[in-house]
Trainee: 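Mind looking over this structure? Questions follow.
Both backbone and side-chain heavy atoms feed into the values below; hydrogens, waters and symmetry mates do not. This chain uses plain numbering: 1 for the first residue, then up along the sequence.
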Amino acid sequence: MSELKDSWKKTGTSIGQAFRDLGKSLIITGKAGMEKATEWSEKEDGQYVNTTAETVSETPAD
């Protein structure tokens with residue numbers, strides 16, 4: 001009976017470590033994706049800059 005208990009204990013530990021590693025991988029991937037999105041959103045794009053609200057007339061619409 002002790003061998004069966006030890007086997008399940010090892011299995012549980014292995015599954016726990018796998019989920020821990022998966023979680024770390026997902027966090028690292030998310031961080032890299034956010035960094036790329038930030039770079040993309042901050043880069044100067046002439047077409048985008050010319051269509052921002054800053055170029056819109058400042059007279060209020062009634």
Trainee: Quick one: pull up CD1 in I15 and CG in L22 and give me the separation to the nearest 0.5 Å.
Mentor: 13.0 Å
Trainee: Checking the side chain of S14 only, and the main-chain atoms of K10 only, is there a donor and an acceptor separated by less than 3.5 Å?
Mentor: yes
Trainee: Using every non-hydrogen atom in the two residues, find where T38 and S41 come nearest and quote the distance to one decimal.
Mentor: O-OG, 3.0 Å
Trainee: Tell me if the CG atom of L26 is crowded by more than 12 foreign heavy atoms within 6.0 Å.
Mentor: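 Enclosed.
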